[in-house]
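The structure appears right after this line, and notes come after that.
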Amino acid sequence: MNAAASVGRSLLIARIGELVTNAPEADGAGPGPGPFAVINDAALVIEGDRVVWTGPSSRAPAADELVDAAGRAVLPGFVDSHAHLVFAGERSAEFAARMAGLAYAAGGIRSTVAATRAATNAELRGGLHRLAGEMLGQGTTTFECKSGYGLTVADEARSVALAAEITDEVTYLGAHVVPAEFEGDAGAYVDLVCGPMLEACAPHARWVDVFCERGAFSADEARAVLTAGQAHGLVPRIHAGQLGPGPGVRLAVELGAASADHCTFLTDADVDALAAAAPSPSAAGTVATLLPGAEFGTRQPYPDARRLLDAGVTVALASDCNPGSSYTSSMPFCIALAVRDMHMTTAEAVWAATAGGARALRLADIGYLAAGSKADLIMLDAPSHAYLAYRPGVPLIHAVYRSGIAVVVP
C-alpha cells in the first residue's frame, strides 16, 4: 500500500464495500458533516490532504496511485472531542475498589494531581504521546485534550503547552476540582483560575472547560470561569450532569458552549434546552457529548441517548480517556457500548463518533468524506461499519489516513 497521496498526485481507493460519507449534500447543510450516509461498492479519490471525489467504484476516475480496499468498509476518522491525556500515575486500585462496590466521587482526581505535579515534562510528554498513538491506531484522527491535573499556574500552563504540541484542540480545565491546598476556600481558587492561571494558559488553548458538579464547582463558580475564558477568546465546554442532575446543561446553552459533556442525569428541561440549541446551518449550537467509557468505569447508569436523539439533540461520542473513570483510548469500544447500552443504532453511534465529534469541536472539514473534506479516514477489516459493535473488542482497523497520508498501514 502506498504511504501517501503526494502533493500533486492523486490516490484512488477503489472496491470499497461500504463507504460511510456522512455527506453534507444530503441535508443541504453546505460544508461540514451532514446526516449518516453510505455508498456501497464505492471509491474515493484523494489529492494532497483533501478528498476530491466519492462515488460508485464503476465510475471512479483515473488516478496516479491505486489502493484496492478489497470490499472493506471505509469511514471518516473518529473525532474524539473529550479526553484528558496529560497526567502521570494510574488509579487501578481505585478502579478495583469501585468494581467491588465503592461509589465514584470527583475527589479521586486529587491523586492524579499529586502524581502529575511530581512528574517531569519528559514523563508527561511520553505518556501523552503513548495515548495519542493508541488513539491513532484505533482510528482516531482528531482529538481534543484537556489540562486539569496540575491545578497550579505552572502545572496547568505546562499541561496546555504539552497538549498543544500534538493537537490544535486544547482545552484549559483549571476548574477540574479544588486542589487540597485550597480546601475550604473555593472562591480563592476560582479567582486563581480566572486570573493568573487563565493568563498563563489561554495562549495555548482554544477551549475553556469546568467540572460543574457536586464535589467540584457550583453554577456561579462555573459561570465565572467560563465567562473569564470567553473574555480571553476561549470557547466554553462544560462537564455537566455526570454525578446527578444539576445546572451544567442549561449553563452550557446559556453561554453558547460548544458542548455539554457526560449528560448522564438530565431533566426534561435539560433535554428541551439541548434540543433548542442543536447546531444548524445558521448556528454553531451546543452538542451533547456522551462518554460511555465513564459509565463503564464507574458502574453508573448509561446516558439515555435514545431520549436525546428522539428529542432532536445533536449527540457526539467521545472516550473521556483519563486515568480515573475511563482509562480507554478506544472509540470503537465506546461505539460498541453506545449501541449495546445506550440504545443507539450502529449508524447513529458511528455518526456521533465522527460527524458528531466534529460538530462538538466546531470543525467543518472533518467527520465526513466528500469533495472538499479533509482526507482523514479509516479502513476496517470488515465489510460494514456495523462490525464496530458487532465484533466488540476485536482490532478491526486495517489502515488509517490522516490528511491524505497513510499513518497506519497493514
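Predicted, not measured: the structure shown is a model, and the values here were computed from it. Along the sequence shown, the residues carry numbers beginning at 1.
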Would you mind listing every ring-ring contact (aromatic ring centres under 6.0 Å, His included) that reaches into residues 268-302, with sequence neighbours excluded?
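The answer is Phe296-Phe333.
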Heavy atoms, side chains only, cut-off 4.5 Å: are [X] and [Y] in contact?
X: Ser319; Y: Met135; result: yes
X: Glu183; Y: Val178; result: no
X: Asn22; Y: Trp351; result: yes
X: Phe143; Y: Leu131; result: no
X: Val79; Y: Leu361; result: yes
X: Leu251; Y: Leu255; result: yes
X: Leu363; Y: Glu169; result: yes
X: Lys374; Y: Arg50; result: yes

If you count the non-hydrogen atoms of other residues, nucleotides and ligands that lie under 6.0 Å from [atom1] in [X], is the total more than 12?
X: His129; atom1: NE2; value: yes
X: Arg340; atom1: CZ; value: no
X: Arg362; atom1: CZ; value: yes

Give the minimum heavy-atom separation between [X] and [Y], together with the two atoms involved.
X: Ala224; Y: Val190; result: CB-CG1, 4.4 Å
X: Ser81; Y: Asp261; result: O-OD2, 4.4 Å
X: Leu291; Y: Thr289; result: CD2-CG2, 3.8 Å
X: Asn322; Y: Tyr149; result: CB-OH, 3.4 Å
X: Arg307; Y: Asp268; result: NH2-OD1, 2.8 Å

Dump the intermediate steps for side chain to side chain contact (heavy atoms under 4.5 Å, CB included) on Val170 and Cys145, then the final yes or no.
CA-CA 5 Å; Val170 177; Cys145 184; 5.5 Å; no
Between atom [atom1] of [X] and atom [atom2] of [Y], what is the distance when rounded to the nearest 0.5 Å?
X: Thr21; Y: Phe36; atom1: OG1; atom2: CZ; result: 8.0 Å
X: Glu181; Y: Leu192; atom1: CD; atom2: CG; result: 9.0 Å
X: Phe217; Y: Arg223; atom1: CZ; atom2: CZ; result: 15.5 Å

Just by modelled atom types, is the [Y] backbone N or O under 3.5 Å from a matching donor or acceptor in the [X] side chain?
X: Asp64; Y: Ser10; answer: yes
X: Arg72; Y: Pro383; answer: no
X: Glu65; Y: Leu12; answer: no

Apply side chain to side chain contact (heavy atoms under 4.5 Å, CB included) to Ile397 and Leu380, showing your working.
CA-CA 5 Å; Ile397 304 301; Leu380 303 183; 3.7 Å; yes
Any donor-acceptor N or O pair under 3.5 Å, side chains [X], [Y]:
X: Thr264; Y: Gln300; value: no
X: Thr328; Y: Ser330; value: no
X: Ser92; Y: Glu90; value: yes

Let's go through Arg98 and Thr298 carefully: what are the C-alpha distance in whole Å and the side-chain angles of both, what is the deciding distance for side chain to side chain contact (heavy atoms under 4.5 Å, CB included) to 0.1 Å, and is it a yes or a no?
CA-CA 7 Å; Arg98 281 201 304 274; Thr298 60; 3.9 Å; yes
Using the test side-chain hydrogen bond (donor to acceptor under 3.5 Å, both in side chains), find all partners of Asp168 that sit at least two apart in sequence or belong to another chain.
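Asp168 satisfies side-chain hydrogen bond (donor to acceptor under 3.5 Å, both in side chains) with no residue once adjacent residues are dropped.
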Assess the pair His232 and Tyr172: is the distance between their ring centroids shorter than 6.0 Å?
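Aromatic pair excluded; centres sit 6.0 Å or further apart.
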How would you list, by chain and number, every residue that makes a side chain to side chain contact (heavy atoms under 4.5 Å, CB included) with Pro395, sequence neighbours excluded?
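Not a single residue meets the side chain to side chain contact (heavy atoms under 4.5 Å, CB included) criterion with Pro395.
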Assess whether side chain to side chain contact (heavy atoms under 4.5 Å, CB included) is satisfied between Thr140 and Ser329, documenting all intermediate values.
CA-CA 9 Å; Thr140 296; Ser329 55; over 6 Å; no
Would you please classify the geometry between the His239 ring and the His176 ring as parallel, tilted or perpendicular, with 30° and 60° separating the classes?
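Rings of His176 and His239: tilted, as their planes differ by 30° to 60°.
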In terms of side-chain geometry, is the basic nitrogen of Arg250 or Asp272 positioned less than 4.0 Å from the acidic oxygen of its partner?
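The answer is no: the pair does not qualify as a salt bridge.
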